[in-house]
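What follows is a single structure, written as structure tokens, with notes after it.
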Amino acid sequence: MQLSRIAVAGASGLIGSALTRSLTADGHEVVRLVRREPRDETEVRWDPEAGRVDTAGLAGCDAVVNLAGAGVGSRRWTDAYKKRIHDSRVNGTTALAKAVAALDEPPRVFVNGSAMGYYGETGDRVVDENSPAGQGFLPELCVEWEGAAAPAQQAGVRTAFTRTGLVVGRGGGAWGKLFPLFRAGLGGRMGDGRQYWSFIALHDEVAAIRHLLETDGLSGPFNLTAPQPLTNREITEAMGRVLHRPTLFAVPAPVLRAVLGEMAGDVLGSARVRPTRLLESGFTFAFPDIEEAIRAA
């Protein structure tokens, strides 16, 4: 599919900024959704929590990508912050999906963010896009988050969901916090280290989103995770090898729970997620190995 004008919500985040750079470098016109007064025609105003979008600004877009949402790992999960996480995703997606559906000429594709948190705690069990949702705050959020895109789907817009894993990039996300610790020689496993962490290099995350944008017929959920998830212990050892630092420190589970509260379950939980549909669609990972992903970051 040939695209030229693409709207991106969440363009200032780790993934969004990398995606907009990639699209712009290839000559696409990127329209950013912003919460302030737009500076020019490349910006569209919206308020995701309030569910408002300047629909007219989306006219002429071939695609819309929604990566917006309050950071899941940005702070402790108080009731107030969990509401913010929820509203920024569900209300924002609802608003965008309705705006897309209301256009006289809707975009051809809507790619909406989601997360591997959809599956919850999986232990050693491998899950893919055919697996059911788990239980708890994140799985329930992801189900509602994806469901909020229904207006776009009902309007006949091809809609894909990116169930993204832990993105290996130094500009934010989990690895944005891990790199400084490991460089200082303070890195180590979390809990017993046996929990699976399903990761993806930032380069592959962007390439996968573009693959979903540009490949006709791809709709529904896609796990954006490297083909072989690893345990926290294995990833810790890889970080030590690449950065040439010791990994002697271990953070006991009780300490993580005391510091992080409910969010500790996301760190200590196991998610062994495989990108079955993404691989079947013909996507090729540039950095499937954790050491390659770390070096690329």
Item to check | Trace of the side-chain hydrogen bond (donor to acceptor under 3.5 Å, both in side chains) decision for Thr225 with Asn223 | outcome: CA-CA 6 Å; Thr225 59; Asn223 294 334; 5.5 Å; no

Next on the checklist: Checking Val65 against Ile6 for the side chain to side chain contact (heavy atoms under 4.5 Å, CB included) test, could you report, in this order, the C-alpha distance in whole Å, the side-chain angles of both residues, the deciding distance, and whether it holds?
Outcome noted: CA-CA 7 Å; Val65 181; Ile6 303 167; 4.1 Å; yes

Item to check | side chain to side chain contact (heavy atoms under 4.5 Å, CB included) evaluation trace for Thr122 with Tyr196 | outcome: CA-CA 9 Å; Thr122 75; Tyr196 278 90; 5.7 Å; no

Checklist entry - Passes side chain to side chain contact (heavy atoms under 4.5 Å, CB included), Asn66 versus Phe110? Steps please. => result CA-CA 8 Å; Asn66 179 25; Phe110 181 37; 4.0 Å; yes

Checklist entry - Is there a side chain to side chain contact (heavy atoms under 4.5 Å, CB included) between Ser17 and Ser12 once you walk through the steps? => result CA-CA 5 Å; Ser17 59; Ser12 62; 6.0 Å; no

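Other residues, nucleotides and ligands contribute over 12 non-hydrogen atoms within 6.0 Å of the CZ atom of Arg45. Atom CZ of Arg39 has 12 or fewer heavy atoms from other residues, nucleotides or ligands within 6.0 Å. In Asp104, the CG atom is not crowded: 12 or fewer heavy atoms of neighbouring residues, nucleotides or ligands sit closer than 6.0 Å.
The closest side-chain heavy-atom distance from Asn112 to Val64 is not below 4.5 Å. Side-chain contact between Leu178 and Met239 is present, with heavy atoms from C-beta onward closer than 4.5 Å. By the 4.5 Å heavy-atom criterion applied to side chains, Asp62 and Leu213 are not counted as neighbours. Residues Ile235 and Trp175 are in side-chain contact: their nearest non-hydrogen atoms beyond the backbone lie under 4.5 Å apart. Residues Leu19 and Leu67 form a side-chain contact, since some pair of their non-hydrogen atoms from C-beta on lies under 4.5 Å apart. Side-chain contact between Leu96 and Trp46: present, with at least one pair of heavy atoms (C-beta onward) separated by less than 4.5 Å. Residues Arg158 and Gln153 have side chains not in contact (no heavy-atom distance under 4.5 Å, counting atoms from C-beta outward). Counting heavy atoms from C-beta outward, Val30 and Thr42 have side chains that stay 4.5 Å or more apart.
Between the Ser270 side chain and the Gly123 main chain, a donor and an acceptor come within less than 3.5 Å of each other. Remark: side-chain polar atoms of Ser198 are paired, donor with acceptor, to backbone N or O of Val273 under 3.5 angstrom. No side-chain donor-acceptor contact under 3.5 Å links Thr93 to the backbone of Val90. Using a distance-only test at 3.5 Å, with no hydrogens or angles considered, no donor-acceptor pair links the side chain of Glu237 to the main chain of Glu234. Between the side chain of Glu280 and the backbone N or O of Leu278 there is no donor-acceptor pair closer than 3.5 Å. In this structure a side-chain-to-backbone donor-acceptor pair under 3.5 Å is present from Ser88 to Ile85. Although no hydrogens or angles enter the test, the distance criterion places no donor-acceptor pair under 3.5 Å between the side chain of Asn232 and the main chain of Arg189. Formation of a donor-acceptor pair under 3.5 Å by the Asp204 side chain with backbone atoms of Ala286 is found in this model.
In this structure, CD1 in Ile200 is found 9.5 Å from OG1 in Thr162, a value given to the nearest 0.5 Å. We find the CZ-CG distance between Phe222 and Leu212 to be 5.5 Å, quoted to the nearest 0.5 Å. Here the CG atom belonging to Leu138 is positioned 9.5 Å from the CH2 atom belonging to Trp145, to the nearest 0.5 angstrom. Here Arg163 contributes atom CZ and Ser114 contributes atom OG; the two are 5.5 Å apart, rounded to the nearest 0.5 Å.
Checked against salt bridge (charged side-chain N to carboxylate O under 4.0 Å, His left out), Glu49 has the following partners two or more places apart in sequence or in another chain: Arg35.
Ion pairing of Arg89 with Glu144 is absent here, as no side-chain N (NZ or NE/NH1/NH2) approaches a carboxylate O to less than 4.0 Å. Comment: Asp26 engages Arg210 in a salt bridge, judged by a side-chain N to carboxylate O separation of less than 4.0 angstrom. A salt bridge links Glu291 to Arg295: one of the charged nitrogens lies within less than 4.0 Å of a carboxylate oxygen. Between Glu29 and Arg5, at least one side-chain N (NZ, or NE/NH1/NH2) sits under 4.0 Å from a carboxylate O, which counts as a salt bridge. Salt-bridge check for Arg274 with Glu129: failed, with every basic side-chain N at 4.0 Å or more from each acidic carboxylate O.
In the model, Thr164 has a side-chain atom that pairs as donor or acceptor with a side-chain atom of Glu205 under 3.5 Å. Side-chain atoms of Arg272 and Tyr119 form no donor-acceptor pair, as typed in the model, at a separation below 3.5 Å.
Below 30°, between 30° and 60°, or above 60°: for Phe283 and His211 the angle between ring planes is between 30° and 60°, a tilted geometry.
Taking the ring centre of Phe179 as origin, the terminal cationic atom of Arg170 falls outside the region bounded by 6.0 Å and 45° from the ring axis. Within the cation-pi definition used here (under 6.0 Å to the ring centroid, within 45° of the axis), Arg245 does not qualify as a partner of Phe182.
Residue Leu218 is grouped with residue Val111 when hydrophobic side chains (ILVMFWY) are merged at heavy-atom distances under 4.5 angstrom, including chains of intermediate members. If you chain together hydrophobic residues whose side chains sit under 4.5 Å apart, Val109 and Val206 fall into the same group.
The minimum heavy-atom distance linking Gly220 with Arg277 is given by the pair C-NH1, 3.7 Å. Residues Ala133 and Val143 approach most closely at CB-CG2, 3.6 Å, considering heavy atoms.
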